[in-house]
Number of protein chains: 2
Amino acid sequence: MRIGELAALVGVTTRTVRHYHHLGLLPEPTRLGNGYREYRLRDAVELARVRRLTELGLSLDEVRDVLADDRGRELREVLEELDADLARQQEAIGAQRDRLAALLAAGEPDPDAAVSPDLAAVLRGLPVAGSPSAALDRDMLALIDTGAAPAERAAFTALLQPLADPDIAARLPDLYARLDDLADADPTDPRVPVLATDLADCLPAELLAAMRDPRGRTWLDELSRELGPAQAAVFRHLSGGTP
Amino acid sequence: MRIGELAALVGVTTRTVRHYHHLGLLPEPTRLGNGYREYRLRDAVELARVRRLTELGLSLDEVRDVLADDRGRELREVLEELDADLARQQEAIGAQRDRLAALLAAGEPDPDAAVSPDLAAVLRGLPVAGSPSAALDRDMLALIDTGAAPAERAAFTALLQPLADPDIAARLPDLYARLDDLADADPTDPRVPVLATDLADCLPAELLAAMRDPRGRTWLDELSRELGPAQAAVFRHLSGGTP
DNA sequence: CTTGACCCTGCCGCGACGTCAACGTCTCTA
DNA sequence: TAGAGACGTTGACGTCGCGGCAGGGTCAAG
């Protein structure tokens, strides 16, 4: 038999056979005078064995190990491990499909705000138009949401829920506008403490508390980098006073 | 923000961020004087969006398409296709695990004779020791079995079943020995027609018939290549007479 | 003599990064 | 001020199981 025949017999390509030779999974057969490989039935049997193992999902390295490590006992371990691996994959795919189903069921899957649905609702209630600080806020909130574990995410959304209240939402555009006005101001600007007071008045107490704990401060630091000095000063006032 | 901070924020490696830049999934930010990339919060948001999409299972190419092809409608298609794909994978893995379970349940998983269990039983009943022709036969049968679809496989095994009958099995060693003796003989050797007759006497009629149909002849041709001329002649007698 | 069907070796490509290498830059500390 | 260690930069190779191609040689039939 020549290589094409062998390959057809077992149902692989000639490229595959040569690949197995290259990796040493299959011994190189004797050559004919013209350099062609000459196979015998036993080679086909060996090839078929390799194929069966790969089709079970073994990697070529694993196949080599199994073939080397004579018969049976190692194979059993590998197969069991493989099964466990497949079980994990099944589970992972199932979870993945659940997530997909949730997204698809939500009507319009918007990866832009592929934040948790509750947060999305809050964000929709916040004003954005034309205010850089408001846009920053949205970005920040989205980021916190995507990075958090589900449990934290729920707590976080709960913190923000009050902002969706119409009374509060109505006061936000003015506050954002005043924050925008401080973009190029000096941190000692007299408007800073006034705005901080008005903000503290408007925001829920729990949210203010969260801004004072270490995790909240980290995020505020992040946010402050993108703000002007006076704007950052406002948040320093909010999150703990003087420093 | 510099690249390490950005990466940590979103939960990827810096290598990943640079990879996305390279592919154009994420715009290159402005550089600092020292050549460092300087990121802003919006970059983190963009990166997080890419990440969410990849974590849903989209390829980076698909992510690029979705991001380019503004919002929503294309995404839905991709996600649905993805779900279908995952469903196929689930099914495939399930089938795979079934096969594994069958193998593992069979006690000792022997990939050597990972032929169908029925055939394995038949093969166990056949004599092998020291007979090259018998070994060839086993190889051949194993090969036919592994290449066949399940339905054909059953039919094929059924054909061979009679060989497991003790009366017949008892006569096989002698027949194999006589076939071995013809290894270097001339095709005109008088022992050839005699052995052919004795074999025909011993083998089930259905098997002889199968050897005469085109598929059977192909396999016999294959087998004959590994045999001596006189041995091949025996099978020519069996499978149709003169040619 | 050509055509077409085989065979040979050897190398690039895929996907989503990980992992060097070889180098520059910043910050802290002794 | 010097050195250490943690950052950053670009660039190239490795992964896995082959597919595909380039650039040849071989062989049988028309």
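Chain identifiers are assigned alphabetically (A, B, ...) following the order of the sequence lines, protein sequences preceding nucleic acid strands; residue numbering begins at 1 within each chain.
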**Report entry** Nucleotide C/dG24, atom P - distance to CZ of B/R2 in whole Å
**Finding:** 18 Å
Query - Side-chain (A/E46) to main-chain (A/L26) donor-acceptor, under 3.5 angstrom - result: no
Query raised in the report: Could you state the CG-P distance from B/L56 to C/dA16, rounded to the nearest angstrom?
Result: 14 Å
Query raised in the report: In whole Å, what is the span from the OH atom of B/Y39 to the P atom of D/dC7?
Result: 16 Å
Report task. Give A/I3 one of three labels, base, sugar-phosphate or nothing, depending on what nucleic acid heavy atoms sit under 4.0 Å from its own. Result -> sugar-phosphate
Query raised in the report: Do the side chain of B/Q96 and the main chain of A/L56 share a donor and acceptor less than 3.5 angstrom apart?
Result: yes
Query raised in the report: Side chains of A/S59 and A/D61: donor-acceptor distance under 3.5 Å anywhere?
Result: no
Query raised in the report: How close or far is atom P of D/dG25 from atom CZ of A/R31, stated in whole angstroms?
Result: 17 Å
Report task. Measure the distance from CG on A/L25 to P on D/dG17 and round it to the nearest whole Å. Result -> 9 Å
Query raised in the report: Are A/R37 and C/dT9 close enough that a side-chain N or O sits under 4.0 Å from OP1 or OP2?
Result: yes
Report task. Using heavy atoms to find the nearest nucleotide of DNA chain D for B/G4 and B/R15 separately, return the residue whose nucleotide is more 5′. Result -> B/G4
Requested in this report: Give a yes/no answer on whether the side chain of A/T13 brings an N or O atom under 4.0 Å of OP1 or OP2 in D/dC18.
Outcome: no
Report task. Rounded off to whole Å, could you give me the CG-to-C1' distance for the A/L32 and D/dA28 pair? Result -> 15 Å
Report task. Report the distance from atom CG of B/N34 to atom C1' of D/dT10, rounded to the nearest whole Å. Result -> 15 Å
Query raised in the report: Among D/dG17, C/dG18, D/dC7, which is the nearest nucleotide to the side chain of A/H19?
Result: D/dG17
Query raised in the report: Considering only C/dG24, D/dG17, D/dT10, which nucleotide approaches the side chain of B/R18 most closely?
Result: D/dT10
Query - Min side-chain heavy-atom separation A/F235-A/M211 under 4.5 Å - result: yes
Query - Side-chain donor/acceptor of A/T16 to backbone N/O of A/V12, under 3.5 Å - result: no
Report task. Could you check how far OH of A/Y20 sits from P of D/dG17, rounded to whole Å? Result -> 8 Å
Query - Sugar-phosphate, base or nothing in reach of A/R51, heavy atoms under 4.0 Å - result: sugar-phosphate
